[in-house]
S.K.: 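A single structure is presented below for examination.
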There are 2 protein chains.
Amino acid sequence: MKTTIYDVAKTAGVSVSTVSKVLNNTGSIGEKTKLKILDTIRKLEYQPNVVASARKRLQTIGFMMPSIANPFMAEIARVIEDYGRQHGFSLIICSTDNDPEREKEYISILREKYIDGIIIGTGLLNDKSIKKIIESNIPVVMLARDVPSLAVDAVFVDDFLGGFQAASYLIELGHEKIAMITEDLKISPARKRVEGYRKALEEAGIKYDEKLVIQNNVTYNDGMLASEQLLKVPSPPTAIFASTEALAIGAIKRVRELGLRLPEDISIVGFDNTMFGQMFDPQITTIAQPIYDMGQKVMELLIEEINEPKKVKQRIVMTPELVVGGTTAKKK
Amino acid sequence: MKTTIYDVAKTAGVSVSTVSKVLNNTGSIGEKTKLKILDTIRKLEYQPNVVASARKRLQTIGFMMPSIANPFMAEIARVIEDYGRQHGFSLIICSTDNDPEREKEYISILREKYIDGIIIGTGLLNDKSIKKIIESNIPVVMLARDVPSLAVDAVFVDDFLGGFQAASYLIELGHEKIAMITEDLKISPARKRVEGYRKALEEAGIKYDEKLVIQNNVTYNDGMLASEQLLKVPSPPTAIFASTEALAIGAIKRVRELGLRLPEDISIVGFDNTMFGQMFDPQITTIAQPIYDMGQKVMELLIEEINEPKKVKQRIVMTPELVVGGTTAKKK
DNA sequence: ATGAAAGCGCTAACAA
DNA sequence: TTGTTAGCGCTTTCAT
């Protein structure tokens with residue numbers, strides 16, 4: 001049988017409430033009593049049961065995202081986990097594959113389990129579900145996703161600027177025919193990145209060409225296919241901006257298979273800057289999200305919100321940064 | 001205020017125990033009462049509070065590993081999460097960096113939180129801590145790690161065989177001077193891989209040379225340094241077996257920077273076969289761990305153990321498999 | 001088939 | 001400073 005607070009109380013010859021006070025550092029207790037209790041706790045190897053006290057929450061938060069197998073999410077999960085642990089929180093992972101059904105299921109599970117807060121980094125989640133969480137008074141922070149219509153804390157990079165930076169850099173290198181491979185445009189970050197890309201083109205006097213934007217890609221295999229589609233035409237683009245790292249890598253592989261030289265014949269820019277992109281050979285030129293800062297900030301907001309719910313919510317927009325690797329070069 | 005079982009009972013005009021029975025499908029209830037209760041539950045949007053019932057556990061398991069940012073662990077976490085969810089379990093991640101202090105801390109946290117079970121995929125964990133968990137009757141399954149001295153369920157690949165396969169393949173290709181880059185040999189999988197590598201060499205009549213085994217490497221940067229150390233000598237090896245994918249990638253990068261051609265001048269074999277290795281260009285020749293099967297099996301064992309603790313424990317050894325990519329070639 | 005009531009392990013308000 | 005006791009939301013005997 002597991003040791004309970006009653007066992008400790010009995011062995012130490014005091015009442016449970018006294019033990020409880022020692023445990024939680026509340027009320028006032030005599031020095032000797034405290035020492036004696038602490039001692040019996042050690043002797044009995046007593047471990048308080050966090051679950052039992054219904055009013056206390058579980059010191060656990062949920063992290064909803066497309067998939068923990070996605071390097072960007074895994075890396076940010078690591079940051080969130082660390083920061084959380086330092087403040088006494090555990091992390092439950094919830095991979096949704098952007099499936100609304102799965103999202104609803106997870107929200108329901110998290111509510112049942114009396115989670116203290118939720119980080120939402122998943123894509124298609126319809127606003128209704130989010131509203132429900134907020135209404136049920138569970139602290140929420142959005143990660144890498146903006147929901148302008150909702151009063152909710154959020155941390156994300158300026159995706160528009162990221163898209164703008166990527167295209168601008170390619171334009172600077174002399175490229176004029178610049179294609180884009182992107183995820184589903186219903187996902188807000190992807191859409192913003194395309195908008196930024198478009199803006200950069202137009203400012204440079206290059207006409208935006210819908211045919212050069214290949215949509216609805218997710219895996220690196222999609223990146224390969226999209227890249228093939230773009231390149232196997234007369235007068236293909238000389239540069240590609242891929243809205244994720246996986247897509248960039250897929251594109252690169254196909255480029256090479258087609259016998260084109262990288263970066264001499266074609267330049268490629270990615271997004272995220274995870275270990276994947278950094279370890280790739282050559283390192284991928286990419287628009288970096290500040291993973292560490294984002295993870296840190298998102299937990300900071302969530303913990304604040306857990307400790308004392310605020311009326312005024314914050315939306316924190318971070319700046320993406322161009323990291324030049326070896327996948328881009330001046331246009332010949 | 002959150003809806004409780006009492007609200008449901010009152011609204012439906014029955015007692016809480018009746019509602020409880022409906023909720024858990026226990027006892028016998030009249031068809032109409034059942035329907036009425038189910039109906040009010042829906043109307044009130046009642047969500048049972050899993051936490052409240054102290055005898056029920058939380059339907060949550062903990063996954064201890066070096067880091068969720070490690071692709072192998074992230075991919076296997078995804079499998080575990082999925083399988084767990086299908087059986088009603090949530091997953092808490094615990095990244096330890098193989099630090100014994102952190103491991104102890106996490107074990108304590110998991111116990112407090114009344115976790116139902118723990119998967120241990122972390123490295124240096126001293127046997128004492130594991131023993132403690134087992135003694136406290138928390139179901140445990142070891143992942144990718146063998147502890148011969150302990151009666152505990154475990155799932156892992158035959159690391160010895162993996163090392164043997166890697167070296168054998170390189171020998172088959174005509175290589176004779178084969179180096180190895182590996183993690184800390186105190187970590188059992190790494191040690192086993194070296195033993196297998198050694199065995200293959202010796203069987204082929206090649207003398208095992210300690211100087212060709214560079215130890216204590218973790219990051220891909222370590223892989224770069226080790227590879228440089230190996231290659232910047234007179235008559236360097238013509239093949240390298242790296243005990244993880246990150247090390248292999250580091251080695252590859254350095255090889256190229258040194259102006260050597262891959263795989264013409266030097267062959268490299270990795271371990272794991274994660275998306276990292278598959279997406280790399282060229283795809284890395286590697287010893288694949290059956291990630292999907294391992295994740296599935298580990299959860300299967302854990303759930304069995306949670307449902308009814310068994311006297312007899314199982315150790316399931318899976319077979320690694322050589323996956324030939326583009327980083328290996330016949331010796332010139 | 002249904003309900004009353006006793007726990008589960010802990011916290012917090014209130015007494016002493 | 002310490003102890004008594006009433007909950008927290010739910011499950012589970014044991015009656016009815």
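Keep in mind that what you see is a predicted model, and the values were worked out from it rather than measured. Quick note on labels: first sequence line is chain A, next is B, and so on, each numbered from 1.
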S.K.: Is any side-chain N or O of A/N24 closer than 4.0 Å to OP1 or OP2 of C/dT11?
M.R.: yes
S.K.: Rounded to whole angstrom units, what separation is found between the OH atom of A/Y6 and the P atom of C/dT11?
M.R.: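 Going from OH in A/Y6 over to P in C/dT11 covers 11 Å.
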S.K.: Find the distance B/K21:NZ to C/dT2:C1' and express it as a whole number of Å.
M.R.: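 To the nearest whole Å, that distance equals 6 Å.
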S.K.: Report the distance from atom NZ of A/K10 to atom C1' of D/dT2, rounded to the nearest whole Å.
M.R.: 19 Å
S.K.: Whole angstroms only, please: what is the NZ-P distance between A/K36 and D/dT1?
M.R.: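 Whole-Å distance recorded here is 15 Å.
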S.K.: Whole Å only: how far is the CD1 atom of B/I5 from the P atom of D/dT11?
M.R.: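 Roughly 5 Å, once rounded to whole Å.
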S.K.: Rounding to an integer number of Å, can you tell me how far A/I41 CD1 sits from C/dG9 P?
M.R.: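 For the pair A/I41 CD1 and C/dG9 P, the rounded distance is 16 Å.
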S.K.: Using a 4.0 Å heavy-atom cut-off, does B/T33 contact any base of the nucleic acid, only the sugar-phosphate backbone, or nothing at all?
M.R.: sugar-phosphate
S.K.: Nearest heavy-atom pair of A/I93 and A/Y106: which atoms, and what distance?
M.R.: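 Closest approach of A/I93 to A/Y106: O-OH, 4.0 Å.
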S.K.: Tell me whether the side-chain N/O atoms of B/S20 come closer than 4.0 Å to OP1 or OP2 in D/dT11.
M.R.: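 For D/dT11, OP1/OP2 do have a side-chain N/O of B/S20 under 4.0 Å.
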S.K.: Does A/S17 have a side-chain nitrogen or oxygen under 4.0 Å from the phosphate oxygens OP1 or OP2 of D/dT2?
M.R.: no
S.K.: With sequence neighbours excluded, tell me which residues meet side-chain hydrogen bond (donor to acceptor under 3.5 Å, both in side chains) with A/S188.
M.R.: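 A/S188: no side-chain hydrogen bond (donor to acceptor under 3.5 Å, both in side chains) contacts found.
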S.K.: Which nucleotide in the set D/dT4, C/dG9, C/dG3 lies at the smallest distance from any side-chain heavy atom of B/T18?
M.R.: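 Given the options D/dT4, C/dG9, C/dG3, the side chain of B/T18 is closest to C/dG3.
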S.K.: Rounding to a whole Å, what distance do you find between A/R111:CZ and D/dG9:C1'?
M.R.: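 The distance from CZ of A/R111 to C1' of D/dG9 comes to 15 Å, rounded to the nearest Å.
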S.K.: Just compare C/dG3, D/dG9, D/dG3 and give me whichever is closest to any side-chain atom of B/N49.
M.R.: D/dG9
S.K.: Name the stems with DNA chain D in them: runs of three or more consecutive Watson-Crick or G-U pairs, distances under 3.5 Å?
M.R.: C:1-16 with D:1-16
S.K.: Ignoring hydrogens and angles, write down the donor-acceptor pairs under 3.5 Å from the side chains of residues 301-313 of chain A, residues two or more places apart or on other chains.
M.R.:
unit_1	atom_1	unit_2	atom_2	d
A/E305	OE2	A/K313	NZ	2.4
A/N307	ND2	A/I303	O	3.4
A/K313	NZ	A/K310	O	2.8

S.K.: Look only at the side chain of B/S20 and the backbone of B/V16, and say whether a donor-acceptor pair between them is shorter than 3.5 Å.
M.R.: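 Answer holds: no.
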S.K.: Nearest to the side chain of A/Y46, which nucleotide is it out of D/dC10, C/dC10, D/dT12?
M.R.: C/dC10
S.K.: Nearest to the side chain of A/T4, which nucleotide is it out of C/dG9, D/dT5, C/dT2?
M.R.: C/dG9
